[in-house]
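To start, the structure itself, in structure tokens.
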Amino acid sequence: VCTNPGGFLLSVFCFYFAWAVNKSEVECLIKLFNSLVAESSSRFATVGFDRNMFRDTLHNAFGMTDDMLMDRVFRAFDRDNDNRISVVEWVEGLSVFLRGTLEERIKYCFEVYDLNGDGYISRDEMFQMLKNSLVKEPSEEDPDEGIKDLVDIALKKMASNLLIDHDHDGKISFMDFKKAVRDENLLLEAFGPCLPDLK
């Protein structure tokens with residue numbers, strides 16, 4: 001049970017996230033948020049992180065480098081779609097990002113990978129994510145062909161695990177993704193790293 005030495009907001013966070021993070025972790029996340037906002041030169045910093053500030057934080061703290069995935073992580077954190085990460089979104093997002101249950105992480109990864117927000121991960125979305133995630137060798141004649149092959153392999157792997165994409169439309173629904181990941185955890189980040197590597 002959390003006490004309230006840090007104010008109302010802290011007690012709300014402690015109550016809400018008691019299962020995911022403890023009081024001292026919430027305090028640290030709030031302090032880190034306030035510190036990063038205070039360091040920002042953005043005129044919007046008083047209301048939270050903008051996209052660039054958030055991307056810098058992902059890069060510096062977690063080594064993320066893929067611009068598309070960092071933008072999608074921003075979208076997953078920005079629950080109210082106001083193009084700012086508030087302190088509430090920061091704590092909620094990081095609780096899943098760092099300590100989420102498998103169910104929460106599956107939902108989060110699916111949101112990141114569903115580039116157009118239509119409830120499916122399409123063949124085109126897989127292609128775009130893999131294209132951005134892979135290092136291209138200068139000697140390759142047509143690297144896009146290799147990426148298309150990887151997309152086909154990913155679809156076949158998911159399909160063989162659980163008979164998903166049974167209509168062969170090149171799309172994976174949330175339920176299909178969830179079933180595939182439960183069967184094979186390695187598929188959680190099949191289309192690019194969007195979670196920290198906590199070794």
Side-chain angles (χ1 to χ4, degrees), residues 1-121 125 128-129 132-133 174 177-178 181 188-189 191-198:
V1 175
C2 291
T3 58
N4 189 12
F8 175 74
L9 187 60
L10 178 61
S11 64
V12 169
F13 281 132
C14 288
F15 175 77
Y16 187 71
F17 295 109
W19 50 267
V21 291
N22 65 40
K23 178 185 168 199
S24 64
E25 291 169 330
V26 171
E27 287 173 340
C28 286
L29 291 175
I30 292 171
K31 286 177 186 175
L32 178 60
F33 179 88
N34 290 334
S35 170
L36 291 168
V37 166
E39 291 174 12
S40 173
S41 59
S42 169
R43 60 188 175 108
F44 299 108
T46 57
V47 293
F49 288 6
D50 64 12
R51 184 178 307 274
N52 291 331
M53 188 175 172
F54 187 74
R55 286 171 54 155
D56 288 346
T57 302
L58 288 177
H59 177 72
N60 294 333
F62 304 108
M64 294 183 89
T65 57
D66 185 315
D67 290 335
M68 181 191 309
L69 285 176
M70 286 192 289
D71 281 343
R72 294 303 304 158
V73 170
F74 178 85
R75 282 270 161 236
F77 272 60
D78 183 21
R79 306 308 289 173
D80 62 4
N81 297 316
D82 67 350
N83 290 316
R84 303 277 174 262
I85 304 297
S86 68
V87 67
V88 172
E89 292 167 330
W90 171 254
V91 173
E92 286 176 350
L94 282 178
S95 73
V96 171
F97 192 72
L98 297 172
R99 292 268 190 95
T101 64
L102 179 60
E103 293 295 314
E104 292 168 325
R105 292 161 68 95
I106 289 170
K107 184 174 187 271
Y108 161 81
C109 287
F110 186 84
E111 287 176 15
V112 170
Y113 298 149
D114 180 12
L115 300 180
N116 64 5
D118 68 351
Y120 295 93
I121 302 171
E125 289 169 326
Q128 288 304 315
M129 288 179 285
N132 287 336
S133 294
F174 173 70
F177 183 74
K178 183 175 169 178
V181 171
L188 184 63
E189 292 186 276
F191 306 117
C194 60
L195 289 165
D197 187 13
L198 301 174

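Predicted model, so just to flag it, every value in this text is computed and none were measured.
- Salt bridge annotation for E111-K107: present, with a cationic side-chain nitrogen under 4.0 angstrom from a carboxylate oxygen.
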Please assess R51 against M70 for the test side-chain contact (heavy atoms from CB on, under 4.5 Å), listing each intermediate value before the final yes or no. CA-CA 9 Å; R51 184 178 307 274; M70 286 192 289; over 6 Å; no
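- Distance alone, capped at 3.5 Å, places no donor-acceptor pair between the E104 side chain and the V96 backbone.
- Taking all atoms of both residues into account, the shortest heavy-atom contact from D78 to I85 is N-CD1, 3.6 Å.
- Residues L102 and V181 approach most closely at CD1-CG1, 4.3 Å, considering heavy atoms.
- Among D66, D50, D71, the single residue meeting the salt bridge (charged side-chain N to carboxylate O under 4.0 Å, His left out) criterion with R55 is D71.
- Under the ring pair (Phe, Tyr, Trp, His ring centres under 6.0 Å) test applied with F49, the options F77, W90, F74 reduce to a single match, W90.
- Contact of the M129 side chain with the Y113 side chain is registered, since non-hydrogen atoms from C-beta on lie closer than 4.5 Å.
- A76 and V112 get closest at one heavy-atom pair: CB-CG2, 4.1 Å.
- N116 places a side-chain heavy atom less than 4.5 Å from the side chain of D114.
- Across all non-hydrogen atoms, the minimal contact from Q128 to L115 is CB-CD1, 4.1 Å.
- Taking a cutoff of 4.0 Å between a charged side-chain nitrogen and a carboxylate oxygen, R84 and E89 do not qualify as a salt bridge.
- Between the CZ atom in F54 and the CG atom in N83 there is a gap of 12.5 Å [rounded to 0.5 Å].
- Annotation: side chain of L58 is not in contact with side chain of L69 (no heavy-atom distance under 4.5 Å).
- Of the possible donor and acceptor atoms, one in the side chain of Y108 sits under 3.5 Å from a partner among the backbone N and O of C194.
- With rounding to the nearest 0.5 Å, the separation of CZ in R105 from CG in L188 is 6.5 Å.
- The shortest side-chain heavy-atom distance between R75 and N81 falls under the 4.5 Å cut-off.
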Go through the steps to decide whether F97 and F62 satisfy the test ring pair (Phe, Tyr, Trp, His ring centres under 6.0 Å), and finish with yes or no. CA-CA 11 Å; F97 192 72; F62 304 108; 4.9 Å; yes
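- The minimum heavy-atom distance linking E189 with C109 is given by the pair CG-SG, 4.4 Å.
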